Amino acid sequence: MEITDLAQALRAEGKDIIALSAGELSCNTIASAKAAGIAAINNNQTRYTHNMGELELRQAISDKFAKDYSVTYSPSQILVTAGVKQALFNIMLTLCDADDEVIVFAPYWVSYPEQITATGATMKVVRTSLENGFQIDTAEFSSALSARTKAVILNTPSNPTGAVYAEETVREIARLCAERGIWLISDEIYEKIVYAPHVHYSLLQAPEANLERVIVVNGFSKTYAMTGWRVGYAVGPEAVIKAAAKLQSHSTSNACSIAQAAALGALLGDQDGSNDSFFAKLLPELLIKRDSASRIINSAEPLKTMKPAGAYYLMVDVSGLFGRKAGDRQLQSASDVCKWFIEDLGVATTPGEAFGAPEYVRLSFSTDLALIEEACQRLADGVTSL
Ligand code: PLP
């Protein structure tokens with residue numbers, strides 16, 4: 001948020017700033033969702049909905065899980081929320097208490113720490129690094145488990161690293177958690193943003209998973225370009241989903257009725273083929289952007305990055321710049337590097353400290369190709385001129 005504010009202030013001063021900081025697609029909302037949202041307004045779908053979400057939408061979500069993963073969830077096991085953020089918050093508050101520990105893998109998505117600590121629980125971090133493709137060392141994970149471990153948050157494909165966890169990793173994590181009765185919260189919001197030959201392996205596919213202790217969260221923001229509509233969902237055992245729904249009934253009641261109709265439109269568009277042209281372009285275009293951005297960044301010693309298998313972010317190791325000077329600036333941290341990038345080079349990026357990754361900055365490659373290339377070139381030229 002600080003970088004976004006700074007980018008706005010610098011733009012207001014007339015500076016040319018390219019933003020690679022946004023966590024969203026730059027294209028417009030998928031047509032099937034827009035049409036359904038407009039129809040919902042015209043049909044006066046403007047009242048409170050069922051607290052857990054419109055039945056038709058929950059049925060369509062249930063159909064998606066049956067089709068994609070051959071798992072049956074009844075509508076009473078599905079809670080529609082105002083974005084995946086609310087799904088996670090509701091679930092975390094439902095499951096966790098003050099003495100609990102929740103394990104996350106760093107670099108992690110920024111809101112996990114705040115959502116965990118809001119419940120009074122403690123976050124325990126298992127690190128991953130660029131050298132091993134940000135993959136999880138399951139032995140390290142196993143030794144982080146304790147009698148206090150209540151839950152583990154798995155996010156594949158990952159924001160911010162773009163790592164897609166290997167089948168054997170997901171299965172081993174599922175096995176270790178099932179053995180100990182630990183809850184697994186699987187954030188699969190980027191499930192459709194995976195670059196061949198990589199494939200998404202859902203926790204729901206793992207034969208070792210104990211589905212009585214698994215919650216999957218997913219939503220519409222990242223795949224259908226619907227960040228502003230605020231629709232997500234959690235699926236899992238009925239008792240937990242019902243408790244999370246009670247919590248929601250006293251906070252936001254239900255996700256926006258029009259946005260729910262739009263989300264249903266998006267799911268139905270997957271079924272009837274009307275989304276095909278959107279997805280036929282999305283992944284090939286992102287792939288070109290990924291390859292171009294990572295090539296330019298890797299050409300600029302000492303910056304280092306990898307081609308992510310999923311999502312639309314590059315984690316760039318900037319630690320080779322620490323201790324150097326850029327003009328009068330002393331670069332000692334990822335935040336210092338980000339400030340230099342935006343103030344002097346005109347590129348907004350996100351510092352890694354918020355992701356539990358103080359050696360990195362995150363670049364989003366979901367904007368226009370020409371802008372991405374220009375921004376990465378500005379960074380490369382700036383770094384090589386030091
Ligand atoms: N989970 C991850 C990993 C994300 O990257 C995000 C958004 O940045 C969310 C959840 C929240 O998404 P939503 O817009 O549906 O609240």
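Start at 1 and go down the list; that is how both ligands and their atoms are numbered. Atom set for the values below is all heavy atoms of this structure, side chains included, hydrogens, waters and symmetry mates excluded. Not measured: the values here are computed from a predicted model.
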(message) Is it true that, when you exclude Asp99 itself, more than 12 heavy atoms of the residues, nucleotides or ligands shown sit nearer than 6.0 Å to its CG?
(response) no
(message) Distance check, rounded to the nearest 0.5 Å: Thr305 atom OG1 versus Met315 atom CE?
(response) 9.0 Å
(request) May I ask you to test the Asp270-Lys192 pair for a side-chain heavy-atom distance under 4.5 Å? (result) yes
(request) Let me know which protein residues bring a heavy atom to under 4.0 Å of ligand 1; chain then number is fine for ordering. (result) Gly83, Val84, Lys85, Trp109, Tyr112, Asn155, Asn159, Asp187, Ile189, Tyr190, Ser221, Lys222, Arg230
(request) Hey, could you give me the CG/CH2 distance between Asp100 and Trp183, rounded to the nearest 0.5 Å? (result) 12.5 Å
(request) Give the intermediate values and the outcome of ring-ring contact (aromatic ring centres under 6.0 Å, His included) for residues Tyr233 and Tyr73. (result) CA-CA 12 Å; Tyr233 51 85; Tyr73 283 107; 9.9 Å; no
(request) For the residue pair Trp109 and Tyr112, categorise the inter-ring angle as parallel (less than 30°), tilted (30 to 60°) or perpendicular (more than 60°). (result) perpendicular
